[in-house]
Amino acid sequence: MSMVPAASVLEDRDGPYVLVVDSEDKVQVRRIETDEKTATGWAVTSGVTPGDLIIVSGIQKVRPGMVVAPQQQTAAGS
C-alpha cells in the first residue's frame, strides 16, 4: 500500500486516477484503487508503486502524452 497526496488524486466517471511521469518524462494516466483517506492523502491499494513520479502541482496545466520536466520534492517532514 502506498500513500499519495490528496491533491494528486483526480476522479472521472471511470474512477480515481493520478498523473504520473514515465521514464521518458511523458505524462500518463494511472488508474488507482484507494482505501482510506487521511488528512493529507489517500492510501492506495493498487495502481502506483514506490518510486513512481506522481504529479502533485500544476495538474491543470498538463495532459496525457505531454513531455514535462519533473522537479522532485521530498515529502513533508522528511
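One is the number of the first residue; the rest follow in order along the sequence.
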Visitor: Val68, Ile59: one ILVMFWY side-chain cluster at the under-4.5 Å cut-off?
Guide: yes
Visitor: Among the clusters formed by ILVMFWY side chains lying less than 4.5 Å apart, do Val4 and Tyr17 turn up in the same one?
Guide: no
Visitor: When the side chains of residues 32-43 are checked against the rest of the protein, which donor-acceptor pairs come out under 3.5 Å, sequence neighbours left out?
Guide:
from, atom 1, to, atom 2, distance (Å)
Thr38, OG1, Thr40, N, 3.3
Thr38, OG1, Gly41, N, 3.1
Thr38, OG1, Gly41, O, 3.1

Visitor: Between CG of Leu10 and CD of Gln60, what distance do you get to the nearest 0.5 Å?
Guide: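 Leu10 atom CG to Gln60 atom CD measures 10.0 Å (nearest 0.5 Å).
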Visitor: Rounded at 0.5 Å granularity, tell me how far CZ in Arg30 sits from OG in Ser8.
Guide: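 Nearest 0.5 Å value for the CZ-OG distance: 12.0 Å.
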Visitor: Please name the pair of heavy atoms, one in Lys26 and one in Val67, separated by the smallest distance, quoted to 0.1 Å.
Guide: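 What the structure gives for the nearest pair is CG-CG2, 3.9 Å.
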Visitor: Any donor and acceptor pair, going by atom type alone, linking the side chain of Asp52 with main-chain N or O of Ile54 inside 3.5 Å?
Guide: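 Absent.
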Visitor: Take Leu53 and Val20, measure what side chain to side chain contact (heavy atoms under 4.5 Å, CB included) needs, and give me the verdict at the end.
Guide: CA-CA 5 Å; Leu53 295 179; Val20 297; 5.9 Å; no
Visitor: Linking I/L/V/M/F/W/Y whenever their side-chain heavy atoms sit closer than 4.5 Å, directly or via other members, would Val18 and Ile55 fall into one cluster?
Guide: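 Val18 and Ile55: separate clusters.
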